[in-house]
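Here the structure is laid out as structure tokens; the discussion comes afterwards.
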Amino acid sequence: MKSKDGGKRGEPEKEIGLEALNIGFRYSPRKPWILKEVSLHIQAGERAALVGPSGCGKSTLAKILAGCEQPKEGAVLWQKAPLPKKGYCPVQLIYQHPELAVNPRWKMEKILTEGWEPDEKLLRDMGIEKEWLTRWPSELSAGELQRFCIARVLGPETKFLICDEISTMLDVITQAQIWQNVLKAAERNGFGMLVVTHNMALARRVCTRIIELPKLNKGLCLSGQMRIIDRG
Amino acid sequence: MKKTGKINTRTKTLIYIAAAVLYLSVIFIWGISMPKEAYGIEYSEKLLPPGWGHIFGTDDMGRDMLFRSVKGLSTSLIIAVLAAGISSAAALAAGVAAAVFGGRIDSFVNWCVDLCMGIPHLILLILISFMMGRGVKGVTAAVALTHWPELTRIVRSEVLQIRNSQYVKAAYKMGRSRLQAAWEHIVPHVLPVYLVGVILLFPHAIMHEAAITFLGFGLPAEEPAIGVILSESMKYISTGKWWLAFFPGFMLLAAVMLFDVIGESLKRLLNPGSGNE
Amino acid sequence: MEKKEKESVTGVENKWEHEKGKAPVLEVEDLTVSFGMYYKGLRRRELEVLHRLSLTVYAGEIMAVIGASGSGKSVLAHAVLGILPGNAAVQGEMRYQGGAYGEKEQKRLRGKEIVLIPQSVDYLDPLMRVGRQVRGVRGSKKMQENVFERYGLSENVDRLYPWELSGGMARRVLISAAEMEKARLVVADEPTPGLNEEMAEETMKSFRQMAERGCGVLLITHDIDLAFRSADRIAVFYAGTVVEEALTEDFQSGGAALRHPYSRAFLDALPQNGFRPIPGSQPYAGNLPKGCLFADRCPMRSEACGREIKMREVRGGRVRCIRDEI
């Protein structure tokens, strides 16, 4: 965990990247805090894993860090500035269920090129076959769809990628394929990553640092019998 | 399993829809292009029972009931189209506004919906028609102004659901503007649901037009309207002139049910949950 | 329960004999399940979600079926219980305790001798308090309290409605519902997502208890570590069929003992092992190749792989592969 051997490419590694400052989140003022006083720093080119048991707020934090959800307290900074509200966001999020993250009424080609125009080399690297481009999302498997969801956010403007359990729903071979492709792309484009997962073996394999959310989070951990307690 | 020979559900549904559309458009075009003489007064042929000369019989002024019914029903259809058009446009605007802007506008739209649905339907219809001076104008206004709430609710919930979907959020993140995302993702998703809603509005509109006309708050008595025909026939029903009420009533029922068939079938086809049965 | 001796080479044959000594609870042979789907407007086609799947569950064991989420494993559970939707067509044969197991038997036995532990609380009646649902028709209040205590559910849980339960509690409620019946076969469809590690362990312990009482447990999961930790035997699910049935030890000993090339590739791709993927992807359910479903990705394929391939016994496991030197 302490090994920081990802820094082969030199100085940009040290650049300050994504920062979460005292994040607090709950769904309504009457509900308990899911996240409370969560702070973390990830450098621009770093690959960090966010781990913790289910229900401890990993996904919520991922959404907040990507700017898809607004925190009730605290702030998210990308290179010392708040995330842009308009235009292509340098921090991109990939979801767990690719079939929910694509418009079922669009052909794959349109989905792929919504944000930018990926070149052929990237498609080859990601293992996306030409003939898939003319299909509907319902005609592809989850693993195939997830490749599209990843490729469409690997544009040159992407500086940081948040992966929320992106291989949990896939078979292990597809999981290994996809991660190899993502790591290759990360190496080439030099973007950093936050990998949300409950699989420690995967976290160790893919990342250079492991962040355990329960240790940072002062909010209520929702798993187990906790819910019955707050009902009183 | 059952693969060959049998027509599958989807084909069957499409056949139903085609038949319904055919029936309704025949009545519509026939009614519009019909000359006034076809249902003119002819005292020598008063109150004839159905026969070869007059399939649906004639009324107390010798007017042919088939032509009157068709003409009346086509008038009803025109009013229904007008009213459904206005209603659905209002519903679309209100539903989208409520969902997109949220906050105060959302509560205001919801308040209007609740208000409109809180008053008994027929009373509201009669009130509006009466205020607008009855006639075609009054009926259309009444029907148009009372049928938007349900569709508004549907449109609102659909827009809300799609706006919070992951792919719309991803689109924003990839630099799409709100307008682009609305046009590319939200409109194509809401459109089919909306169309089904509009089609299911028609039978309501037709029924309510006929109802207020029947009660005397709608179209004037000289106009050939289903409501007028039915209310006149009430005077003769006790003397055994059954055809005056039966045929026009049946045609009204058929038109209403066919619209319902079209709408319900489309709903089943477009719903991914039941679309594969 | 007796631990199987961990002997290599010579012991293997005996281990299998030992398993054979047990009575099979459920035998599934060449089960094919397809769904009618519309495509391109009005044409209908059949999507084969399960393809000639064979599987045996013995009394007193936990049999895990592992495969990717969404690959049709739940369909297997629903086919065993006989609760598939209307547009599904089923072929093949199933036997329960050696006897016939058709639609009639499914109806008679399900919920009594054969119980499902479903994926989510959606399977509970949302308007009935969970205590009453768990007691069901035959259970008594006392039995239910016992079971609840065993699973660490406090007394007031019995007065809650399903939507008031947290993920972990819901799971335990579903399991205790299965405990109430004198089940001979438990089919657990992804019983652990939403549970933390301890509770997952606890769940597995309760499955082990059930197995020790002579029950057969069919555990359907995508969590490989879980299967490795708790199952006696593992069936590897690929493209709608089971390519290999093997003892859990065969997986843990590094893969040399495994029989099917896919099982080895699968083991090799795990992050804790090599994390090395083979190229290609699983064939689409609407367009399955003839013969071996893995042939197009197999490094050892031959012409004969295009023919129909039977499940056969090799070194104490069962495999759907024709190579001579497995």
Side-chain angles (χ1 to χ4, degrees), chain A residues 27 59 62-70 78 83-108 110-118 136-138 145-146 148-162 164-166, chain B residues 8-10 92 95-96 99-104 106-107 110 154-155 157-197 266-277:
Chain A
Y27 282 102
S59 277
K63 279 189 208 133
I64 290 172
L65 289 174
C68 285
E69 191 88 61
Q70 289 308 309
W78 168 247
L83 289 170
K85 286 238 164 30
K86 281 193 181 135
Y88 195 98
C89 185
V91 180
Q92 289 284 341
L93 176 66
I94 301 170
Y95 295 91
Q96 178 177 1
H97 299 281
E99 61 278 9
L100 298 180
V102 298
N103 189 334
R105 289 163 207 273
W106 282 18
K107 285 250 169 105
M108 292 318 301
K110 198 171 173 197
I111 290 168
L112 184 67
T113 54
E114 191 177 4
W116 71 298
E117 302 276 338
W136 299 105
S138 59
L145 281 178
Q146 192 65 288
F148 280 90
C149 290
I150 297 168
R152 70 173 176 182
V153 297
L154 291 186
E157 290 171 71
T158 303
K159 304 293 181 219
F160 199 87
L161 207 55
I162 297 176
D164 184 5
E165 301 271 17
I166 61 167
Chain B
N8 60 39
T9 322
R10 205 176 258 202
L92 187 64
V96 170
V100 171
F101 299 112
R104 290 246 173 99
D106 190 23
S107 350
N110 279 330
I154 295 171
V155 170
S157 70
E158 283 294 318
V159 175
L160 272 184
Q161 185 207 331
I162 207 74
R163 214 167 59 104
N164 289 324
S165 73
Q166 291 181 0
Y167 61 85
V168 172
K169 288 199 165 162
Y172 290 145
K173 297 237 79 195
M174 286 186 281
R176 295 309 224 199
S177 70
R178 291 198 168 266
L179 214 61
Q180 275 172 322
W183 180 246
E184 290 172 342
H185 291 288
I186 298 176
V187 171
H189 176 86
V190 176
L191 213 56
V193 186
Y194 171 71
L195 282 182
V196 169
L266 277 180
K267 196 164 40 176
R268 252 205 322 272
L269 285 188
L270 295 172
N271 178 359
S274 55
N276 277 321
E277 271 167 20

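A note on names: the letters A, B, ... follow the listed sequences, proteins ahead of strands, and every chain is numbered from 1.
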TODO: Could you tell me which non-hydrogen atom of A/Gly67 sits nearest to which non-hydrogen atom of B/Lys173, and how far apart they are?
DONE: N-NZ, 4.3 Å
Open item on the list: Can you tell me which of A/Gln92, A/His97, A/Lys85, A/Lys86 forms the most heavy-atom pairs within a distance under 4.5 Å of chain B?
Closed with: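 The candidate making the most pairs under 4.5 Å is A/Gln92.
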Open item on the list: Please output the residues of residues 150-158 of chain A in contact with chain B, using a heavy-atom cutoff of under 4.5 Å, in numerical order.
Closed with: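 Result: A/Arg152, A/Val153.
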Open item on the list: Given heavy-atom pairs under 4.5 angstrom as the criterion, report whether the side chain, backbone, both or neither of B/Glu184 touches chain A.
Closed with: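 B/Glu184 touches chain A through backbone and side-chain heavy atoms alike.
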Open item on the list: Using heavy-atom distances under 4.5 Å, tell me whether B/Arg176 contacts chain A through its side chain, its backbone, both, or neither.
Closed with: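 For B/Arg176, side-chain heavy atoms alone lie under 4.5 Å from chain A.
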Task: Partner residues of A/Glu165 under the side-chain hydrogen bond (donor to acceptor under 3.5 Å, both in side chains) criterion, sequence neighbours left out - done: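 So A/Glu165 forms a side-chain hydrogen bond (donor to acceptor under 3.5 Å, both in side chains) with A/Thr168, A/His198.
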- [ ] Heavy atoms only, distances under 4.5 angstrom: which of B/Arg178, B/Gln180, B/His189 has the most pairs with chain A? Name it, please.
- [x]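 Option with the top pair count is B/His189.
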- [ ] Could you grab the distance from atom CD of B/Gln166 to atom NZ of A/Lys63, nearest 0.5 Å is fine?
- [x]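 One finds 7.0 Å between CD of B/Gln166 and NZ of A/Lys63.
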Open item on the list: Distance check, rounded to the nearest 0.5 Å: A/Glu69 atom CD versus B/Lys169 atom NZ?
Closed with: 5.5 Å
TODO: Against chain B, label A/Trp116 side chain, backbone, both or neither, depending on which of its atoms sit under 4.5 Å from a heavy atom there.
DONE: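 Looking at A/Trp116, nothing touches chain B.
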Task: Identified side-chain contact (heavy atoms from CB on, under 4.5 Å) counterpart of B/Tyr167 within the set A/Asn103, A/Ile111, A/Leu100 - done: A/Asn103
